[in-house]
Undergrad: 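Got a structure here, written out as structure tokens. Questions coming.
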Amino acid sequence: MRWRDPVFVGLILALTPIAAASEETGVSVRDAWVRETPRGVAMTAGYMVLQNKTSRPQVLVAARSSGFETVTIHRTIAKEGMTGMEHAPQIELLPNASLLFAPGGYHLMLSNPKRTLRAGDRVDITLEFRGGLVLPVAYEVRK
Amino acid sequence: MMTTVVLAAILGAVLLAAVYRENGSRAILLPDQVMTLFPAPKPLAAFVFIDHENRVFDLSRLKGKWSFLFFGYTHCPDICPTTLATLARAHENIAKSRAGAKDVQFVFISVDPNRDTAGKLRQYVTYFDAAFLGVTGDNAQLGNLAGQLGVAYQLAITPGIENYPVYHTTAVFLVDPRARYHAVFAPPLDAEGISKRFKVLRELEGPKAT
């Protein structure tokens with residue numbers, strides 16, 4: 001009997017919490033990338049599509065990474081004919097909606113990378129939501 | 001209303017495409033959202049900057065070439081690298097055209113001279129395109145050229161904060177080979193939009209602009 005196969009049962013037990021967690025939270029990220037930096041440059045930005053497939057709002061409150069001195073949720077804004085940035089302390093994701101982090105809009109401002117980022121590298125950033133949901137995301141460095 | 005705007009934009013693009021020919025003898029430019037052309041280009045007055053090789057960059061360096069000018073700062077994580085990457089692609093497009101890019105230069109003007117030294121600027125601009133120039137100057141000189149082009153900028157310097165933000169105009173300014181402010185490209189910018197219009201403009205202005 002297949003169910004008695006300890007390896008098979010072990011596999012199911014191992015996979016169950018992951019499947020449950022993602023179904024329960026329903027918050028995911030796709031197309032996550034970080035802009036490659038010129039050597040010696042202190043700042044770059046991270047972009048992604050944040051998806052909330054749950055039926056309630058989700059609030060992004062912080063982003064952290066050991067690869068940078070600071071990670072801040074930012075938004076590029078227009079002000080008196082100029083463009084600048086403002087800190088976005090929290091971003092609410094509507095139920096069953098996506099939010100685009102893209103050049104010229106929302107972005108993760110990443111300061112003082114611990115190493116020079118080259119296209120193809122991977123950067124790990126953890127997104128934290130209100131209520132304790134934590135989402136680790138792998139960002140691809142792109143030119 | 002929206003439909004009319006979209007239709008007008010599509011029509012504009014079609015007309016521009018229709019009149020634009022690499023080897024055509026006649027071309028016309030129609031006003032659109034991407035590029036604003038000045039019927040009477042404005043001659044620029046003297047200014048003095050230092051470029052990323054520590055050479056003087058003054059009004060004379062704008063003569064004999066078409067110059068694309070962009071104001072920003074290297075600690076800028078979003079708009080500046082996005083715009084410089086777009087301009088690098090526009091440069092590539094122009095270089096591939098029949099007339100090439102020998103008479104074209106791209107100049108990144110840092111409004112943040114405290115942090116952007118010549119060395120920093122060199123590393124920064126040449127990363128996007130080996131031919132790009134990075135320049136900066138003191139506040140009086142930056143204010144001088146910014147004022148002539150209608151550029152606004154504001155450094156939000158906060159004591160103790162190393163990564164202070166800077167507010168700045170993000171349009172790209174086109175200065176003709178007679179050092180006259182000739183046109184402006186409004187954001188959001190795309191490389192094709194810039195290079196197509198520039199090639200037509202250069203063809204039209206070529207003989208009289210130099």
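First the proteins, then the strands, lettered A, B, ... as listed; each starts at 1. Just so it is clear, the structure is predicted and the values come from calculations on it, not from any experiment.
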Undergrad: Just how far is it from atom CE of A/M109 to atom NE2 of B/H75, taken to the nearest 0.5 Å?
TA: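 Answer rounded to 0.5 Å: 10.0 Å.
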Undergrad: Could you please state which residues from residues 93-107 of chain A sit under 4.5 angstrom from chain B, measuring non-hydrogen atom to non-hydrogen atom, sorted by number, or 'none'?
TA: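 Residues A/A102, A/P103, A/G104, A/G105, A/H107 are the ones that qualify, each having a heavy atom under 4.5 Å from chain B.
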Undergrad: For residues 59-68 of chain A, run the donor-acceptor check on the side chains, cut-off 3.5 Å, and write out each pair with its distance to 0.1 Å, sequence neighbours left out.
TA:
{"residue": "A/R64", "atom": "NE", "partner": "A/E128", "partner atom": "OE1", "Å": "3.4"}
{"residue": "A/R64", "atom": "NE", "partner": "A/E128", "partner atom": "OE2", "Å": "2.6"}
{"residue": "A/R64", "atom": "NH2", "partner": "A/E128", "partner atom": "OE1", "Å": "3.3"}
{"residue": "A/S65", "atom": "OG", "partner": "A/G67", "partner atom": "N", "Å": "3.1"}
{"residue": "A/S65", "atom": "OG", "partner": "A/D124", "partner atom": "O", "Å": "2.8"}

Undergrad: So which of A/K79, A/E86, A/E80 has the largest heavy-atom pair count under 4.5 angstrom toward chain B?
TA: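 Of the options given, most contacts go to A/K79.
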Undergrad: Considering only residues two or more places apart or on different chains, which pairs with a residue in residues 58-78 of chain B satisfy salt bridge (charged side-chain N to carboxylate O under 4.0 Å, His left out)?
TA: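 For residues 58-78 of chain B, and leaving out neighbouring residues, the salt bridge (charged side-chain N to carboxylate O under 4.0 Å, His left out) pairs sorted by first residue read B/D51-B/R61.
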Undergrad: Of the backbone (N, CA, C, O) and the side chain (C-beta and beyond), which part of B/Y73 lies under 4.5 Å from a heavy atom of chain A, both, or neither?
TA: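 Side chain only.
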Undergrad: Once rounded to the nearest 0.5 Å, what's the spacing between atom CD1 of A/I77 and atom OH of B/Y167?
TA: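 Here the interatomic distance stands at 4.5 Å.
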Undergrad: Could you walk me through whether A/V41 and B/Q123 pass side-chain contact (heavy atoms from CB on, under 4.5 Å), step by step?
TA: CA-CA 8 Å; A/V41 163; B/Q123 273 184 344; 5.7 Å; no
Undergrad: Using a cut-off of 6.0 Å, state whether more than 12 heavy atoms not belonging to A/K114 lie near its atom NZ.
TA: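 Correct, the count exceeds 12.
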Undergrad: Determine the option with the most heavy-atom pairs under 4.5 angstrom with chain B, choosing from A/L110, A/T44, A/T70, A/N112.
TA: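 The residue among A/L110, A/T44, A/T70, A/N112 with the greatest pair count is A/T44.
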Undergrad: Quick check: closest heavy atoms across A/R35 and B/A85, and the distance to 0.1 Å?
TA: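 In this case the closest contact between A/R35 and B/A85 is NH1-CB, 4.4 Å.
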Undergrad: At a 4.5 Å cut-off on heavy atoms, which part of B/T74 comes close to chain A: side chain, backbone, both, or neither?
TA: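 Backbone only.
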Undergrad: Please report the closest heavy-atom contact between B/P77 and A/A45, naming both atoms and the distance.
TA: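 That would be O-CB, 3.5 Å.
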Undergrad: Do any side-chain atoms of residues 134-143 of chain A form donor-acceptor pairs under 3.5 angstrom with protein atoms, and if so which ones, sequence neighbours left out?
TA:
{"residue": "A/R142", "atom": "NH1", "partner": "A/D31", "partner atom": "OD1", "Å": "3.4"}
{"residue": "A/R142", "atom": "NH2", "partner": "A/D31", "partner atom": "OD1", "Å": "2.8"}

Undergrad: Quick one, B/Y127 with A/E36, criterion side-chain hydrogen bond (donor to acceptor under 3.5 Å, both in side chains). Give me CA distance, side-chain angles, the key distance, then yes/no.
TA: CA-CA 10 Å; B/Y127 164 84; A/E36 185 187 85; 2.5 Å; yes
Undergrad: Give, as side chain, backbone, both or neither, the part of A/R39 having an atom under 4.5 angstrom from any heavy atom of chain B.
TA: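 Contact with chain B: backbone and side chain both.
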Undergrad: When only pairs under 4.5 Å are counted, which of B/P188, B/A156, B/A152 shares the most heavy-atom pairs with chain A?
TA: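 Most pairs with chain A among the choices: B/A152.
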